There are 2 protein chains.
Amino acid sequence: MSSYSPSETAEKSGFSIDTLRYYEKIGLLDGIARNASGRRVFTDDDLGWLGMLRCLRETGMPIAEMLRYSELARGGEETFGERLELLEEHDRRVEAQIRLLRAQQKKIKSKISFYGGPSGE
Amino acid sequence: MSSYSPSETAEKSGFSIDTLRYYEKIGLLDGIARNASGRRVFTDDDLGWLGMLRCLRETGMPIAEMLRYSELARGGEETFGERLELLEEHDRRVEAQIRLLRAQQKKIKSKISFYGGPSGE
DNA sequence: ATTCCACCTGGAGTGCGCTCCAGGTCAACC
DNA sequence: GGTTGACCTGGAGCGCACTCCAGGTGGAAT
């Protein structure tokens, strides 16, 4: 088994069918195959790419930048350098985001113990 | 010094003046004092509250829930239990968010090393 | 034959969280 | 007395990322 209907793909990728269509429309998904009656047929490769997109989205990358990354990905090995740069930049932002979350979480926890949280009261 | 103009408050709190007005309008900020000519005057207490709001916002709490928290905060000590519950629930979401980020960051880093990232090439 | 269902399209609508705007006020400075 | 600048109000507008809708198609089951 290596080809998937839109609904299977939605389930496996975690994106809704509407989002899959939207992503194809704006160019995040390229060359999605169609069967004889015009329906989308997703491959394992497509699922792999969707996994990458999901990773980028969930770490807060804006669609516009994912689009940039997609364009680079279409450019073949020549764009490895640029893709590397883009991901490293993003990785730094993710790192900063985690740091911020941790710092703010500390404040929340201290507020919790102020209100008499676990092992407080 | 213990009272601040809107622009000072914006600078100190990290929210824009427009956002401060908006927060007051929707009820996240309550009882902000005014001077004789109708301008807002923020106190250290207000700044403290804004710090809490900022913490909640930056950890992804939706405005609607911050509103709920604000209402509870107006309710005095009787609402400590509910506030505690709300913050504990939020803390768990923050924890999950951090975990997700860390997990996705791993994928990004492995992609980076695939592209020939630091100490790779 | 018809009912059903998953899918298709283009385009409109939604929810969130601001952000901007027009038109006005007031205190202060030149 | 005029100008400036920070502030005020109500309300419109915006950017993002979807999400929904109307109307239609094509294959499969009853």
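Computed from a predicted model, the values in this text were never measured in an experiment. By convention in this document, chain letters (A, B, ...) are assigned in the order of the sequence lines, proteins followed by strands, and residues within each chain are numbered from 1.
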How long is the line joining [atom1] of [X] and [atom2] of [N], in whole Å?
{"X": "A:Leu67", "N": "D:dC18", "atom1": "CG", "atom2": "P", "answer": "12 Å"}
{"X": "A:Ile26", "N": "D:dC16", "atom1": "CD1", "atom2": "C1'", "answer": "11 Å"}
{"X": "B:Ile32", "N": "D:dC8", "atom1": "CD1", "atom2": "C1'", "answer": "15 Å"}
{"X": "B:Glu11", "N": "D:dA6", "atom1": "CD", "atom2": "P", "answer": "13 Å"}
{"X": "B:Tyr22", "N": "C:dC18", "atom1": "OH", "atom2": "C1'", "answer": "6 Å"}
{"X": "B:Leu20", "N": "D:dC8", "atom1": "CG", "atom2": "C1'", "answer": "14 Å"}

Sequence-aligned protein contact record of nucleotides 7-13 of chain C, with B where the base is within under 4.0 Å of a protein heavy atom and S where only the sugar-phosphate is: SSB-B--
Sugar-phosphate, base or nothing in reach of A:Phe15, heavy atoms under 4.0 Å: nothing
Cation-pi geometry met for B:Lys25 and B:Tyr22 (6.0 Å, 45°):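 Relative to the ring axis of B:Tyr22, which defines the angle, B:Lys25 lies outside at least one limit.
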Side-chain N,O (B:Tyr23) to OP1/OP2 (C:dG17) below 4.0 Å: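 No.
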Side-chain N,O (A:Thr19) to OP1/OP2 (D:dA17) below 4.0 Å: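 Negative; the distance criterion is not met.
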Close approaches to DNA chain C from residues 54-66 of chain A, in residue order (heavy atom, under 4.0 Å): none
Salt bridge (charged side-chain N to carboxylate O under 4.0 Å, His left out) assessment of B:Glu71 paired with B:Arg74: CA-CA 5 Å; B:Glu71 280 156 15; B:Arg74 265 172 244 138; 5.3 Å; no
Quiz: residues 95-102 of chain B side-chain donor-acceptor pairs under 3.5 angstrom, not counting sequence neighbours:
| from | atom 1 | to | atom 2 | distance (Å) |
| --- | --- | --- | --- | --- |
| B:Glu95 | OE1 | A:Gln105 | NE2 | 2.7 |
| B:Arg102 | NH1 | B:Gln105 | OE1 | 2.9 |

Shared hydrophobic cluster for B:Tyr23 and B:Val41 (ILVMFWY, side-chain gaps under 4.5 Å): no
Within the distance-only criterion (no hydrogens, no angle test), does the side chain of [X] pair as donor or acceptor with the backbone N or O of [Y] below 3.5 angstrom?
{"X": "A:Ser5", "Y": "A:Glu8", "answer": "yes"}
{"X": "A:Asp46", "Y": "A:Thr43", "answer": "yes"}
{"X": "A:Ser16", "Y": "A:Thr19", "answer": "yes"}

Salt-bridge contact B:Arg68-B:Glu65 (side-chain N to carboxylate O under 4.0 Å): no
Distance in Å, B:Leu84 CG paired with B:Phe80 CZ, rounded so as to fall on 0.5 Å steps: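 Going from the CG atom of B:Leu84 to the CZ atom of B:Phe80 covers 10.0 Å.
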